[in-house]
Amino acid sequence: MKKALFLPVVSLALLLAAAGCRKAEPPAPVPEAVKGQPTMNIQKAPFGRLPDGANVDIYTLVNARGLKARIMTYGAILVSLDLPDRTGAFADCVLGYDSLDGYLKTTPYFGAIVGRYGNRIAKGSFSLEGKTYVLAVNDGKNHLHGGVKGFDKVIWTAEPFEEANGVGLKLGYLSKDGEEGYPGNLNVTVVYLLTNDDELRIDYEATTDKATPVNLTSHSYFNFTGGSRDVLTHEITLAADRYTPVDAGLIPTGKLDPVAGTPMDFTTPVAIGSRIDRVAGGYDHNYVLTSGGGAMALAARAVEPGSGRVMEVLTDQPGIQFYTGNFLDGTIAGKGGRAYGKHWGFCLETQHFPDSPNQPSFPTTILRPGDTYRTRTTFKFSVK
Ligand code: GLA
């Protein structure tokens, strides 16, 4: 890490100056960091403790262009993401809290890795290989985002690493057989990589010793104004001409409906707020990606016209949950004490379709022993 050289160089220069030797010495080369050029690096710091005393660490990843992502070991949560606007001014573009306490008290999955099953499983139950499994129920009658204590509320192991084009953090968690009602010991690895091409890539991997449903995703709430107001002026494009309509409990009916001619249509860029009042409650829907999944493809694009910040989402997953922070109601005081009102952030959760374990016509989410669950999602940032 170049950073390690920086302090000794500066201290040496100071020492020489103090000893009055400045004239005799040739000027020391200016380290990159002094010229205002960030140096790619990753650093670890303590971030607090859980009530049971377990330590939580936070890792700060900085790429060669100064983009900064902070990820903590509790929930594998992306705590902050500093991105430049079109003038080069940086702002944190994800919702969350300044300290661990907020995340421990109440969080609508801010920045978390969600699992073992992202989104809902109807009535917290499914059958697999002739056996019925009963899951923890935490959303009315349904199971949501892995249950009462999902992957967003556990401590992950963490190993930082550097590669030629980025810095990363490899997180691990062993979800025990029976946890939240799921069958099988599931060994999960999530790798965040912040590249010097301004991408935040997330690679998910899992293996099991019993057949089990698996559907992992990242639940970041983006706000490319830097969190200063709601997201209604953000323009969204989704590479999907169908979506999975839901019942009153947000469980898919099993149909795949066309978006054409409805307020669900984001096949061309549309401001989130332009038709949201025609969608009961706001957007909280799984879109069926035209790519069909399997290979990396562009799934979504978000543009914030004021700052010029742009995000593209690429994934190999078949679906994406577009959620517009409908349940935010101003009662959460987030970063800097700001009240997060309705639609203060939006999520683009790459995924398999909700309730797939109960929907035989949806692509399967069952992972079997001997197979490896492996998926990738890349968030690519730029300005226009
Ligand atoms: C997902 C769900 C929403 C909601 C949020 C968290 O996006 O689809 O219904 O549960 O997570 O509040």
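This is a predicted model, so every value here is computed, not measured. Basis for what follows: all heavy atoms, side chains included, without hydrogens, waters or symmetry-related copies.
For the residue pair Thr365 and Ser356, no side-chain donor N or O sits within less than 3.5 Å of a side-chain acceptor on the partner. Between the side chains of Arg201 and Thr378, no donor-acceptor pair of N or O atoms lies under 3.5 Å. Side-chain contact, Asn119 with Asn215: no donor N or O sits under 3.5 Å from an acceptor N or O. Side-chain N/O atoms of Thr372 and Thr207 include no donor and acceptor closer than 3.5 Å. No side-chain N or O of Asp139 forms a donor-acceptor pair with one of Asn142 less than 3.5 Å apart. In the model, Asp177 has no side-chain atom that pairs as donor or acceptor with a side-chain atom of Asn185 under 3.5 Å. Counting only N and O atoms by type, the side chains of Ser307 and Glu304 include a donor and acceptor under 3.5 Å apart. Between the side chains of Thr39 and Asn41, not a single donor N or O lies within less than 3.5 Å of an accepting N or O.
Taking the side chain as every heavy atom from C-beta outward, Leu232 and Ile276 approach each other to under 4.5 Å. At a threshold of 4.5 Å between non-hydrogen side-chain atoms, the residues Val79 and Phe110 do not count as touching. A 4.5 Å side-chain heavy-atom check between Asn165 and Asp197 finds at least one atom pair inside the cut-off. In this structure the side chain of Tyr97 reaches within 4.5 angstrom of the side chain of Ile332, judged on heavy atoms. Looking only at side-chain heavy atoms (C-beta outward), Cys347 and Tyr221 come within less than 4.5 Å of each other.
Around the CZ atom of Arg86, the shell of radius 6.0 Å holds more than 12 heavy atoms that belong to other residues, nucleotides or ligands. Open room surrounds NZ on Lys68; 12 or fewer heavy atoms of other groups in view lie less than 6.0 Å from it.
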For Gln351 and Gln321: C-alpha separation, side-chain torsions, deciding distance, then whether side chain to side chain donor-acceptor pair (under 3.5 Å) applies. CA-CA 7 Å; Gln351 62 181 7; Gln321 186 82 11; 2.9 Å; yes
Run the salt bridge (charged side-chain N to carboxylate O under 4.0 Å, His left out) test on Lys380 and Asp198 for me, step by step, so that the C-alpha distance in whole Å, both residues' side-chain angles and the decisive distance to 0.1 Å come before the verdict. CA-CA 6 Å; Lys380 184 163 177 50; Asp198 297 350; over 6 Å; no
Show the numbers, then the answer: is there a salt bridge (charged side-chain N to carboxylate O under 4.0 Å, His left out) between Arg376 and Glu205? CA-CA 9 Å; Arg376 171 174 290 180; Glu205 243 185 65; over 6 Å; no
Let's go through Tyr109 and Tyr323 carefully: what are the C-alpha distance in whole Å and the side-chain angles of both, what is the deciding distance for ring pair (Phe, Tyr, Trp, His ring centres under 6.0 Å) to 0.1 Å, and is it a yes or a no? CA-CA 12 Å; Tyr109 306 90; Tyr323 171 60; 9.7 Å; no
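Aromatic ring centres of Tyr283 and Phe266 lie closer together than 6.0 Å. Aromatic ring centroids of Phe346 and His234 lie under 6.0 Å apart. Aromatic pair His285/Tyr243: centroids less than 6.0 angstrom apart.
No continuous path of ILVMFWY side-chain contacts below 4.5 Å connects Leu298 to Met311, so the two sit in separate hydrophobic clusters. Tracing side-chain contacts under 4.5 Å through hydrophobic residues (I, L, V, M, F, W, Y), one never reaches Phe353 starting from Leu128; they form parts of separate clusters.
Across Gly147 and Ala136, no two heavy atoms sit closer than the pair CA-CB, 4.3 Å. Taking both residues in full, the closest heavy atoms of Met72 and Val56 are given as SD-CG1, 3.8 Å, listed atom of the first, atom of the second, then distance.
Lys335 has no carboxylate O lying under 4.0 Å from a charged side-chain N of Asp98, or vice versa, which leaves the two without a salt bridge. Electrostatic pairing of Asp257 and Arg242 does not count as a salt bridge here, judged by no charged N lying under 4.0 Å from a carboxylate O.
By the ring-ring contact (aromatic ring centres under 6.0 Å, His included) test, Tyr287 pairs with no residue at all, sequence neighbours left out. Scored by the side chain to side chain contact (heavy atoms under 4.5 Å, CB included) test, Ser361 finds no partners at all (sequence neighbours excluded).
The stretch residues 178-204 participates, sequence neighbours left out, in these ring-ring contact (aromatic ring centres under 6.0 Å, His included) pairs: His143-Tyr182.
Of the options Phe151, Tyr373, Tyr173, a side chain to side chain contact (heavy atoms under 4.5 Å, CB included) to Leu186 is made by Phe151 and by none of the others.
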